[in-house]
S.K.: 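Take a look at this one; I'll ask things after.
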Amino acid sequence: DVTADPQYYHKAWQISENRSARAMRGLAMHHLRATEYETSMEYFEKTLALNPLQTSCWFSYGCASLASSNYDKAATAFRRCVILEEDNYEAWNNLAAAYIR
């Protein structure tokens, strides 16, 4: 995380034998910050498959989905986010936005 170099996340993924949710989350956030939404969505899907209780990842996955106009995936992500954290007003707002579009 200190270097923000994706090669280290890939190395951690390899060493963990494809079991490190943290490595996938790091890659997902790296690509989200670089506005590479489709790529970040792929990594969010991997980290959430390993650990579906990551509220912040569901939220970020929803944001990436909204930005890439994938409204069905955005709605699913924000629904999961509000299930885990029902008082998250931003997730509720974004869920409504996904449904409207």
Side-chain angles (χ1 to χ4, degrees):
D1 288 355
V2 175
T3 64
D5 189 341
Q7 76 175 342
Y8 297 114
Y9 296 120
H10 288 290
K11 183 69 172 175
W13 180 247
Q14 180 185 22
I15 291 171
S16 73
E17 298 178 356
N18 303 340
R19 293 186 305 232
S20 174
R22 177 68 188 103
M24 288 296 101
R25 184 172 66 236
L27 282 167
M29 293 305 295
H30 171 79
H31 289 286
L32 182 63
R33 284 189 292 274
T35 66
E36 298 167 352
Y37 302 119
E38 295 291 333
T39 304
S40 73
M41 287 171 60
E42 293 173 24
Y43 289 119
F44 277 124
E45 289 167 2
K46 288 180 182 179
T47 189
L48 290 165
L50 292 168
N51 181 1
L53 298 178
Q54 303 177 85
T55 307
S56 62
C57 283
W58 283 113
F59 186 84
S60 297
Y61 177 52
C63 291
S65 299
L66 275 179
S68 65
S69 301
N70 193 328
Y71 304 116
D72 290 336
K73 285 187 178 184
T76 299
F78 291 123
R79 272 196 311 273
R80 292 296 299 266
C81 189
V82 299
I83 286 169
L84 294 170
E85 188 179 325
E86 63 186 33
D87 62 343
N88 186 331
Y89 69 92
E90 291 176 307
W92 281 109
N93 185 59
N94 289 347
L95 177 59
Y99 279 137
I100 289 171
R101 295 181 185 175

S.K.: Rounded to the nearest 0.5 Å, what's the gap from CD1 on Ile83 to CG on Asn88? Could you check?
M.R.: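 Rounded to the nearest 0.5 Å, the CD1-CG separation comes to 12.5 Å.
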S.K.: Starting from Met29, can I reach Tyr8 by hopping between I/L/V/M/F/W/Y residues whose side chains sit under 4.5 Å apart?
M.R.: no
S.K.: Using the rule given for side chain to side chain donor-acceptor pair (under 3.5 Å), can you reason through Arg79 versus Thr76, listing the C-alpha separation, both sets of side-chain angles and the distance that settles it, and then say yes or no?
M.R.: CA-CA 5 Å; Arg79 272 196 311 273; Thr76 299; 3.2 Å; yes
S.K.: Quick one: pull up CH2 in Trp58 and SG in Cys63 and give me the separation to the nearest 0.5 Å.
M.R.: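 The distance works out to 13.5 Å.
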S.K.: Under 4.5 Å between side-chain heavy atoms, hopping through other hydrophobics if needed: is there a path connecting Met24 to Leu32?
M.R.: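 Different clusters.
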S.K.: Under a 4.5 Å cut-off applied to non-hydrogen side-chain atoms, are Tyr43 and Arg25 in contact?
M.R.: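 Tyr43 vs Arg25: side chains apart.
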S.K.: Looking only at non-hydrogen atoms, find the nearest pair between Ala98 and Ala74 and report the distance.
M.R.: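 The pair with the smallest heavy-atom distance is CB-CB, 4.0 Å.
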S.K.: Tell me, please, which residues at least two apart from Thr47 pass side-chain hydrogen bond (donor to acceptor under 3.5 Å, both in side chains).
M.R.: Gln54
S.K.: Heavy atoms only: give me the nearest Tyr61-Glu45 pair and the separation to one decimal.
M.R.: OH-OE2, 2.7 Å
S.K.: By the rule that ILVMFWY residues connect when side-chain heavy atoms come within less than 4.5 angstrom, directly or transitively, which residues belong alongside Phe59?
M.R.: Leu66, Tyr71, Phe78, Val82, Trp92, Leu95, Tyr99
S.K.: For the atom pair OG (Ser20) and NZ (Lys46), what is the distance rounded to the nearest 0.5 Å?
M.R.: 12.0 Å
S.K.: Roughly how far apart are Cys57 SG and Arg80 CZ, rounded to 0.5 Å?
M.R.: 12.5 Å
S.K.: Looking at residues at least two apart in the chain, or sitting in another chain, which of them share a side chain to side chain contact (heavy atoms under 4.5 Å, CB included) with Ser68?
M.R.: Tyr37, Glu38, Met41, Asn70
S.K.: Show your working on side-chain contact (heavy atoms from CB on, under 4.5 Å) between Glu42 and His31 and close with a plain yes or no.
M.R.: CA-CA 10 Å; Glu42 293 173 24; His31 289 286; over 6 Å; no
S.K.: With the 4.5 Å side-chain cut-off for hydrophobic clustering, are Leu48 and Leu53 part of the same group?
M.R.: yes
S.K.: How long is the span from the CG atom in Leu50 to the CZ atom in Arg22, to the nearest 0.5 Å?
M.R.: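 Leu50 atom CG to Arg22 atom CZ measures 13.5 Å (nearest 0.5 Å).
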S.K.: If you compare all heavy atoms of Ser40 against all heavy atoms of Ala64, which two are closest, and at what distance to 0.1 Å?
M.R.: OG-CB, 3.6 Å
S.K.: Taking atom CD of Gln7 as the centre, does the number of heavy atoms from other residues, nucleotides or ligands within less than 6.0 Å exceed 12?
M.R.: yes
